[in-house]
Every structure is written in C-alpha cells, then in structure tokens.
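Order of the sequence lines sets the chain letters (A, B, ...), proteins ahead of strands, with each chain counted from 1. These numbers come from a predicted model, not from an experiment.
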Protein chains: 2
Amino acid sequence: MQSIVVQTEAVFQALADETRLRIIRLMVVTGDEACLCELVDSLLEPSYKLSRHLKIIRQAGLLSSQKEGRWVYHRLVMEPAYLESLYATVRALPDSNETYSGDLKRFRERLCLREGGRCQIGIQSEEFKSEAG
Amino acid sequence: MQSIVVQTEAVFQALADETRLRIIRLMVVTGDEACLCELVDSLLEPSYKLSRHLKIIRQAGLLSSQKEGRWVYHRLVMEPAYLESLYATVRALPDSNETYSGDLKRFRERLCLREGGRCQIGIQSEEFKSEAG
DNA sequence: TGCATACTTGCACTATAATGCAAGTATTAT
DNA sequence: ATAATACTTGCATTATAGTGCAAGTATGCA
C-alpha cells in the first residue's frame with residue numbers, strides 16, 4: 001500500500017541521504033525484496049535507523065512493505081513510470097568508495113541464509129543484535 | 001567550471017527542494033541557458049534566493065555558469081552520463097499543480113525580450129526589481 | 001500464559017538547510 | 001570619477017531532518 005499523490009521533491013528527497021541511497025541502490029541492483037534484519041546485516045547500520053529511513057522511502061512512494069509473520073518485506077514500487085527512469089539513474093551512478101559493492105556482497109551472502117525463499121532468522125551481525133540474544 | 005567528484009547524494013539533494021526542482025525542470029524542458037534575471041521573471045522568486053539555489057545546483061555538478069558582462073548564464077551539465085538519465089526522469093515527472101507549465105510560459109515570454117540571443121535587461125517583474133529602478 | 005524476537009516509534013538532542021535583509025562585488029554606462 | 005545594475009554573500013533566524021536511546025507493539029514459540 002503506497003500513496004499515489006506525492007510531492008515530486010519528496011521523490012528526490014528519498015534519495016538525498018546516504019543511508020537511504022544505499023538501501024534503494026541495493027534493491028535496484030538486486031531487484032529483490034528484503035526484510036529489515038537482512039538490510040541490517042547488509043548495510044551494517046542499526047535496525048531503528050534503517051526502519052525509519054524505510055518509512056521515509058515508503059512515504060515518498062518508492063517502497064511497498066508487507067508484513068509476513070514477524071518479518072516485514074520491502075520492495076521497490078515501479079509505478080508511476082518515472083520511477084523506473086529514476087532507478088535507471090541510480091543504477092548508472094558510480095560507486096567511488098565501493099560502499100555499494102560491499103552492501104551488495106553482504107546482501108547476497110545474507111540471502112543464502114533464507115529457507116524456502118524467506119528469512120527465518122534475525123540479525124546475524126554481532127554489533128547490531130538486540131541485547132536479549 | 002564544475003567539480004568532477006561529487007557525493008552521489010548531493011546530486012539528488014540538488015533536486016530535493018521545490019525551488020531547485022523548478023529551476024532544473026525549466027532548463028531540462030527548454031534545453032536553454034538562462035541568466036538570473038530571466039529566472040527571477042520566470043519563477044517569480046527573489047534573486048538572492050535563486051542565486052543561492054543556483055550555487056547549490058552548481059556545487060552538485062549539475063550546472064555550469066559563465067559570466068558575460070554583468071550577466072551570468074547558467075546551463076545544465078550533461079556529463080557524467082547518469083545526469084542525462086536524471087534529466088529524463090525530471091522530464092517524466094507529473095506537473096500536478098501546474099507550477100512548471102507556468103514557469104515555462106513565463107520563461108518563453110521572457111526569452112522574447114532577448115536581443116541578439118542575449119538578455120540585455122534586468123528584472124522586469126515589479127515585485128522583484130531592485131529598489132534603485 | 002509468558003517469553004523471545006522482528007520491527008517501530010516517542011523523545012531529546014544535534015546537525016543541516018532554507019530564508020530575508022542588507023551590504024558587498026564586479027561590470028557597464030554616463 | 002560616479003552612478004546604475006546584475007549578481008553574490010555574511011549574518012541572524014527559523015525550519016527541517018538525522019540520530020540514539022529506551023520503551024512499545026505485534027507476532028510466534030515453548
């Protein structure tokens with residue numbers, strides 16, 4: 001569920017932050033969906049931070065999020081058509097300091113831990129696990 | 001003269017403000033260059049405001065600016081290649097409240113006042129003229 | 001029923017960005 | 001020289017946005 005009418009600036013605002021650009025870029029490049037803990041293990045940022053950025057991206061109309069049990073899967077929205085054009089731009093960006101290739105590498109490794117195509121585990125990265133673990 | 005190495009977020013940051021998006025969109029649609037007073041008369045915003053936003057756009061690597069006498073002409077930069085992709089996205093955006101069509105209409109009218117393809121006059125809009133006039 | 005856990009959010013704080021005024025610079029015209 | 005003018009910028013103010021902690025919600029499991 002995403003809102004249809006969005007301020008056009010909000011679309012670019014969604015990409016105007018390093019963390020959000022990393023999230024979007026990862027999803028543009030892989031074309032895959034991801035849950036929060038997979039993103040935490042890929043970007044190595046705390047879950048509350050990513051959760052909030054995901055909300056901003058969603059409110060800008062770029063992301064749809066679906067709850068599946070305890071997990072929430074996020075995927076890029078492809079309409080209206082200018083979004084596909086936007087993603088093409090994102091795909092064309094340089095990766096000067098190799099942030100994105102690192103994110104991508106960790107994400108692909110993390111995908112291997114899925115069972116039946118779904119994440120069945122929580123945050124694996126020691127640094128960002130919740131205390132209870 | 002524009003810097004080559006720019007933070008990728010800065011590119012989107014440049015479009016993440018209403019005034020800057022109006023400037024960029026106008027130049028994307030027309031493909032033309034424009035001096036500050038032409039932009040003031042097109043967007044109906046004060047010159048100091050536009051001047052500062054132009055600086056931000058320039059620093060993001062999207063704009064090159066050349067002084068010609070008292071006038072400074074601004075035009076969009078086309079390289080690296082992802083910028084063309086970005087402009088295609090801008091061109092595809094909706095114009096829900098018809099801000100851009102209004103800007104464009106005023107800009108086209110303002111272009112008619114050029115002599116020899118160059119602006120020879122200052123701000124025409126009464127509201128934004130400098131006091132001395 | 002109670003606990004673990006995947007995710008979200010209220011709050012306080014800090015950092016960044018936009019705005020308006022007024023003064024400044026650089027260039028041309030007289 | 002002096003004045004006009006196209007544009008820029010320092011400064012103070014306000015508005016917006018990002019961050020981290022800690023508490024909260026919702027779901028599944030024992």
Side-chain angles (χ1 to χ4, degrees), chain A residues 7 9-10 12-23 33-41 43 45-60 63 65-74 110 113-114 118-125 127-133, chain B residues 7 9-10 12-23 33-41 43 45-60 63 65-74 110 113-114 118-125 127-133:
Chain A
Q7 296 263 77
E9 309 95 67
F12 297 107
Q13 191 70 259
L15 294 146
D17 172 273
E18 188 189 359
T19 306
R20 291 197 296 268
L21 189 52
R22 287 172 70 195
I23 295 171
E33 58 197 349
C35 66
L36 183 62
C37 56
E38 289 173 335
L39 290 172
V40 170
D41 284 334
L43 307 201
E45 296 283 348
S47 56
Y48 62 79
K49 185 177 175 181
L50 295 185
S51 179
R52 260 199 276 247
H53 282 299
L54 286 165
K55 186 179 185 179
I56 293 170
I57 300 170
R58 197 181 321 120
Q59 288 173 336
L63 203 71
S65 306
Q66 299 178 37
K67 191 157 193 172
E68 290 187 22
R70 269 176 297 183
W71 289 265
V72 178
Y73 284 90
H74 307 274
R110 186 55 165 72
L113 303 183
R114 284 190 186 173
R118 281 295 177 252
C119 176
Q120 308 289 353
I121 56 180
I123 295 167
Q124 297 302 296
S125 168
E127 192 177 351
F128 299 105
K129 271 182 181 159
S130 59
E131 277 84 61
Chain B
Q7 295 262 76
E9 310 93 68
F12 296 107
Q13 190 69 259
L15 292 146
D17 171 274
E18 187 189 358
T19 306
R20 292 197 295 269
L21 189 52
R22 287 172 70 194
I23 294 170
E33 58 196 350
C35 65
L36 183 61
C37 55
E38 289 173 334
L39 290 172
V40 169
D41 285 334
L43 307 201
E45 296 283 350
S47 56
Y48 63 80
K49 185 177 175 182
L50 295 185
S51 179
R52 259 197 278 243
H53 281 300
L54 286 164
K55 185 178 185 180
I56 293 169
I57 300 170
R58 197 181 322 121
Q59 288 174 337
L63 203 70
S65 306
Q66 299 178 38
K67 190 158 193 171
E68 291 187 21
R70 270 175 295 182
W71 289 265
V72 177
Y73 283 90
H74 307 274
R110 186 57 165 71
L113 303 183
R114 285 191 186 173
R118 280 296 177 252
C119 175
Q120 307 290 352
I121 57 178
I123 296 167
Q124 298 300 297
S125 167
E127 191 178 352
F128 299 106
K129 272 181 180 160
S130 60
E131 277 83 62

Which one, D:dA26, C:dA17, C:dC7, comes nearest to the side chain of A:Leu36? C:dC7

More 5' along DNA chain C: A:Lys55 or A:Ile121, using each one's nearest nucleotide? A:Ile121

Taking only side-chain nitrogens and oxygens of B:Tyr48, does any of them come within less than 4.0 Å of OP1 or OP2 of C:dG20? yes

Just the rounded figure in Å: distance from P of D:dC21 to NZ of A:Lys49. 12 Å

Point-to-point distance, once rounded to the nearest 0.5 Å, from NZ of B:Lys55 to OG of B:Ser65: 11.5 Å

Among C:dT28, C:dT8, D:dC7, the nucleotide that comes nearest once only the side chain of B:Arg70 is considered: C:dT28

A:Asp17 CG to C:dT14 P: how many Å, rounded? 20 Å

Any ion pair linking B:Glu9 and A:Arg20 (charged N to carboxylate O, less than 4.0 Å)? no

Integer-rounded Å distance: D:dA4 P and B:Lys129 NZ: 16 Å

I need the CZ-P distance between A:Arg118 and C:dT5, as an integer number of Å. 21 Å

Distance below 4.0 Å between B:Arg20 side-chain N/O and C:dA18 OP1 or OP2: yes

A:Leu54 CG to C:dA6 C1': how many Å, rounded? 13 Å

Listed nucleotide nearest any side-chain atom of A:Arg52, set C:dT8, C:dT19, C:dT9: C:dT9

Short side-chain N/O contact from A:His53 to OP1 or OP2 of D:dT19, under 4.0 Å: yes

Would you call A:Glu33-A:Arg118 a salt bridge at under 4.0 Å N-O? yes

A:Ile23 CD1 to D:dG18 C1': how many Å, rounded? 13 Å

Any side-chain heavy-atom pair of A:Arg58 and A:His74 under 4.5 Å: yes

A:Tyr73 OH to C:dT8 P: how many Å, rounded? 13 Å

Which sits closer to the 5' end of DNA chain D, B:Ser47 or A:Glu68, going by the nucleotide each is nearest to? B:Ser47

What integer distance in Å separates B:Glu9:CD from D:dA17:C1'? 15 Å

Per atom distances to the A:Trp71 side chain, the nearest of C:dA6, C:dT9, D:dT19 is C:dA6

Candidate nucleotides D:dC7, C:dG20, C:dC7, ranked by approach to the side chain of B:Pro46 - the nearest: C:dG20

With a sphere of 6.0 Å drawn around CD of A:Glu68, does it hold more than 12 non-hydrogen atoms of other residues, nucleotides or ligands? yes

